[in-house]
Number of protein chains: 2
Amino acid sequence: MAPEKSRRERPAKPALTREGIVAAAVAILREEGLRKVTMRRLAQELDTGAASLYVYVRNTAELHAAILDELLGTIAPPSSEGGWRDRLEKLLTAYTATLLEYPGLALSALVARPSGENYLGLVENLLALLADGDVPLERRAWGIDILLQYATATAAEHADGESPDDWDALARAVRDADETTHPQIAAHAADLLTGAPAQRMSWGLQVLITGITHTGLPPERNPT
Amino acid sequence: MAPEKSRRERPAKPALTREGIVAAAVAILREEGLRKVTMRRLAQELDTGAASLYVYVRNTAELHAAILDELLGTIAPPSSEGGWRDRLEKLLTAYTATLLEYPGLALSALVARPSGENYLGLVENLLALLADGDVPLERRAWGIDILLQYATATAAEHADGESPDDWDALARAVRDADETTHPQIAAHAADLLTGAPAQRMSWGLQVLITGITHTGLPPERNPT
DNA sequence: ACCTGAACACCGTTCAAGT
DNA sequence: ACCTGAACACCGTTCAAGT
């Protein structure tokens, strides 16, 4: 008897779905990095053509947003212990740490505001923490906006394949600064180049939180 | 008599120099936008091959940095009138305005710290302004770092061909937020979506300046 | 409606060969 | 040393044609 030549022969190429596509994208991200997560590479992984993906994903930017939201699903909700400032700092640090695993995603998030379910959850938690801290209601929304921007930008700075070339160039420029033309830079050279990332981040969050609690909104706020 | 067929026949294709390359890049930027400033397009403009540019410019990132520094040369030095906070805000706003003309450059600046002459001049001026404000010396360097990051990130958010798609998506998500699962978002919906960019920017700068003047550095600062 | 192959219109960067 | 053409190894996105 001839072998059955029925449908479903092998690993049974699964039907395309948005979730399947995003899941495959995350897998490539974890194994090969964001730069390899291209429409073409992704299609190859799913055993189809790149054009097919456009039924489920508008473009590359939307794909990145979907991946990011997936990753945000893995960050733990804020613990209920400690003061609101501590909890706020912990949550934002966790968010930053997640982005730092794939700084290219932070760059995407900066340009295209996320709006996924997990991102909204994060916003929800942040707003609640500011409420806990008795930050005036009208100030909370703009407050978390700055906090998230700071966290996102801090992660985004590490994009571009961690080439410390530019950092080197800046360090050299600062050290070589002429004391007569650039007295301030000469005087601050040490501080300009010093500071562990985690310390700077923590100080930055303190600066923002303190600033937010002390700065009233402009009296009249126009729509965007 | 046959026409002289001497050297220098026509517009005399000028010799390649780094300055010439950067100048041509700025010209393309102004006329066609950053996306058109590619090695290939630039080479075409200079009547040569893309490979030739690599003698003067290490790569695209360095080219972008050179262009940015060129643009920074056009921002006016801070006026000497008014209080230091006002002058500081004005200078940072001017920096942001320049970047907002080409948000893609802001994105580059975020990833690859600039170290050009004009950028150093800006840093110098900012440090002087914080000194004017009696901000403690050790806090000034980290302070301008956050201020510049905020200004740069704010401009970078407008990169990617001003597609308000994502903003729309976020607005929809916020408005559709379920009041029981996302009570905070529902309560803050108005503020989350409100605010003219200039107002938000100004408030953000106030938050940062106030925060910087009120927040001491960690006692021990480790090298990077 | 979904899927596909092929095409369009590009990229950055490297390298062997020339001058 | 500088310059070049050609090549390598890719991209995102669209579209006509199939099922």
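All chains are named by letter (A, B, ...) in the order of the sequence lines, taking the proteins before the strands, and each is independently numbered beginning at 1.
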What donor-acceptor contacts under 3.5 angstrom involve side-chain atoms of residues 65-77 of chain B, with partners at least two apart or in another chain?
residue, atom, partner, partner atom, Å
B/D69, OD1, B/N118, N, 3.3
B/D69, OD1, B/Y119, N, 2.9
B/D69, OD2, B/E117, N, 3.1
B/D69, OD2, B/N118, N, 3.0
B/T74, OG1, B/L71, O, 2.7

*Go through the structure and list residues passing side-chain hydrogen bond (donor to acceptor under 3.5 Å, both in side chains) with A/E19, not counting sequence neighbours.*
none
_Whole angstroms only, please: what is the OH-C1' distance between B/Y56 and D/dC2?_
6 Å
*Sequence neighbours excluded, every pair satisfying ring-ring contact (aromatic ring centres under 6.0 Å, His included) that has a member inside residues 168-206 of chain B*: A/W142-B/W203
*Audit row: A/R172, A/R175, side-chain contact (heavy atoms from CB on, under 4.5 Å) steps and yes/no*: CA-CA 5 Å; A/R172 218 175 314 114; A/R175 263 192 284 269; 5.9 Å; no
*Using the C1' atom on both, measure D/dC2 against C/dC15 and round to a whole Å.*
15 Å
Could you list the donor-acceptor pairs under 3.5 angstrom formed by side chains in residues 99-114 of chain A, with sequence neighbours left out?
residue, atom, partner, partner atom, Å
A/S108, OG, A/H64, ND1, 3.2
A/S108, OG, A/G104, O, 3.4
A/R113, NH1, A/D145, OD1, 3.2
A/R113, NH2, B/E157, OE1, 3.4
A/R113, NH2, B/E157, OE2, 3.0

*Want to know the stems of DNA chain C: at least 3 consecutive Watson-Crick or G-U pairs with distances under 3.5 Å, which are they?*
C:4-8 with D:12-16, C:12-16 with D:4-8
*Span that lies between the P atom of C/dA9 and that of D/dC10, in whole angstrom*: 23 Å
*With sequence neighbours left out, what residues match A/R139 under side-chain hydrogen bond (donor to acceptor under 3.5 Å, both in side chains)?*
none
*Nucleotide D/dA1, atom P - distance to CG of B/L16 in whole Å*: 17 Å
_Qualifying residues under side-chain hydrogen bond (donor to acceptor under 3.5 Å, both in side chains), relative to B/R18, sequence neighbours excluded_ = B/E62
Name every donor-acceptor pair, under 3.5 Å, that has one atom in a side chain of residues 122-129 of chain B and the other anywhere in the protein, sequence neighbours excluded.
residue, atom, partner, partner atom, Å
B/E124, OE1, A/Q184, N, 3.3
B/E124, OE1, A/I185, N, 2.9
B/E124, OE2, A/Q184, N, 2.8
B/N125, ND2, B/G121, O, 3.4

*Reading 5' to 3' through nucleotides 7-19 of chain C, protein heavy-atom contacts under 4.0 Å coded B for base, S for sugar-phosphate only, - for none*: B---BBBBB----
